[in-house]
Amino acid sequence: MKERPILMNGAMVRATLRDEASKTQTRRIVKGMALDWLQPGMFSPEYVASPGSILSPYGFAGDRLYVRETFFAYGRWETRHNEKKGRDEWHFVDMTTECDRAYQYAADNPDVPVTTSRNGGVTPAWWKRPAIHMPRAASRITLEVTGVRVERLQEISEADARAEGVTIEERHMNGYCAGETRPPSIRAFRELWESINGADSWDANPWVWVVEFRKLEFPC
C-alpha cells in the first residue's frame, strides 16, 4: 500500500465530509501523456489505468490518498538562505502542535484571527496556508482508493456525477447550456468543472483520471 497527497478545494472537502450523498469519485486531467492515440489493444485506456502500467499518479485500489486543503496554522516566519537560488527567502515555521493548538480548515469557515502581513511575523500567530503546503499531520481526511480508470470527461454518467458529490441545489443551474440536454446532475457537474478549470474546459473533453474512493474513519 502506498499513500499519496491529493488537493481538494473547499467544495470538494465539504462534499467528501458529508454523511449522506458524499463524494466518492474525483476526476483529474491526465497530464504529461498524449492519449489521443489510444486504441483497443495493449495501449487501451484500461491498460493505462492498470497497476502494470505504473502510470497513475493517484495509485490503484488499496492505496491511500490524504487530502490537502486550505488551512490555518499557528506559527511564525523566518528567513532562510536558499543555496540553489542564492538568496534569502521567507520560510514558515509551523508551531501548531507544539503550542498545543489544533489546525483549522478554510472549508469550515472558522473564526480564526488571521495575520496577513509578514512584518513582525517573528511573533507566533495564525496564518492562512495554501493546500499545497499542508503537512501530512494536518490532513483530516484519508481516502482508500477503490478503483482507477481513464476516460473522456464527457463520458461521465448521471450516477458518476452524483458520486462526484455535486448537488443540484448547490449549483446555479441557470437553465440549459446551448445544445445541452444532459441530465441535471451532469449539468451540475459541468458547471462545477468549468468553475475550477475554465469556461472552455468541458468542451475540450480531455482525458481524465477517474479515481474512486471511500473515506476512512479512524477512532478518536
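Under a 3.5 Å cut-off, the side chain of N9 and the backbone N or O of A11 do form a donor-acceptor pair. Checked by atom type and distance alone, the side chain of D94 never pairs as donor or acceptor with a backbone atom of G75 at under 3.5 Å. Formation of a donor-acceptor pair under 3.5 Å by the S201 side chain with backbone atoms of G198 is found in this model. Side-chain atoms of E83 do not come within 3.5 Å of backbone N or O of H81 as any donor-acceptor pair. Remark: side-chain polar atoms of E158 are paired, donor with acceptor, to backbone N or O of S185 under 3.5 angstrom. Proximity of a side-chain donor or acceptor of N197 to a complementary backbone N or O of W193 within less than 3.5 Å is detected. D63 contributes a side-chain N or O that, together with a main-chain N or O of K2, makes up a donor-acceptor pair within less than 3.5 Å. In terms of modelled atom types and a separation under 3.5 Å, the side chain of R129 and the main chain of F72 share no donor-acceptor contact.
For the pair V150 and V208, the minimum side-chain heavy-atom distance is 4.5 Å or more. Under the 4.5 Å side-chain criterion, counting only non-hydrogen atoms from C-beta, V93 is in contact with H91. Considering only heavy atoms from C-beta on, Y66 comes within 4.5 Å of E3 through its side chain. Here the side chains of L143 and L216 are not in contact, with every heavy-atom distance at 4.5 Å or above.
For the residue pair R101 and W126, the shortest heavy atom distance occurs at CD-CZ2, 3.8 Å. In terms of heavy-atom proximity, V114 sits nearest to K128 at CG1-N, 3.8 Å. A161 approaches V166 most closely through the heavy-atom pair O-CG2, 3.2 Å. Here the closest heavy-atom approach between residue S56 and residue V148 is recorded as OG-CG1, 3.8 Å. Residues P135 and Y103 share a closest heavy-atom pair of CG-OH, 4.1 Å.
No side-chain N or O of Y74 forms a donor-acceptor pair with one of D100 less than 3.5 Å apart. Side-chain contact of E212 with T146: a donor-acceptor pair under 3.5 Å is absent, judged by distance alone. At a cut-off of 3.5 Å, with distance as the only test, a side-chain donor of R136 or T142 sits close to an acceptor on the other residue.
A cation-pi arrangement is not found for R4 relative to Y58, the charged atom failing to lie both closer than 6.0 Å to the ring centre and inside a 45° cone about the ring normal.
Grouping Ile, Leu, Val, Met, Phe, Trp and Tyr residues whose side-chain heavy atoms lie under 4.5 Å apart, directly or via other members, places L7 in a hydrophobic cluster with I132.
Checked against side-chain contact (heavy atoms from CB on, under 4.5 Å), A163 has the following partners two or more places apart in sequence or in another chain: T24, Q25.
A salt bridge is defined here as a Lys NZ or Arg NE, NH1 or NH2 lying under 4.0 Å from an Asp or Glu carboxylate O, and D203 with R190 meets this definition. In summary, R162 and E164 do not engage in a salt bridge, as defined by a charged side-chain N under 4.0 Å from a carboxylate O. With respect to the salt-bridge test (charged N to carboxylate O, under 4.0 angstrom), the residues E89 and R80 do not qualify. Between E144 and R64 there is no salt bridge, since no side-chain N of the basic residue sits under 4.0 Å from a carboxylate O of the acidic one.
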Residue pair T16, R14: steps toward the side-chain hydrogen bond (donor to acceptor under 3.5 Å, both in side chains) verdict: CA-CA 5 Å; T16 302; R14 288 187 291 272; over 6 Å; no
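With hydrophobic clusters built from ILVMFWY side chains whose heavy atoms lie under 4.5 angstrom apart, L65 does not share a cluster with M1. W202 and W207 end up in the same hydrophobic cluster when Ile, Leu, Val, Met, Phe, Trp and Tyr side chains are linked at under 4.5 Å. Under the 4.5 Å side-chain heavy-atom criterion for grouping Ile, Leu, Val, Met, Phe, Trp and Tyr, V13 is connected to F189 within one hydrophobic cluster.
The NE2 atom of H133 sits 10.5 Å away from atom CZ of F92, with the distance rounded to the nearest 0.5 Å. Atom CD1 of I141 is separated from atom CD of E69 by 5.0 Å, given to the nearest 0.5 angstrom. Rounded to the nearest 0.5 angstrom, R152 CZ and E155 CD are separated by 8.0 Å. Taking CZ from R214 and CD from E217, the interatomic distance works out to 9.5 Å, rounded to the nearest 0.5 Å. Expressed to the nearest 0.5 Å, how far CZ of R68 lies from CE of M134 amounts to 9.0 Å.
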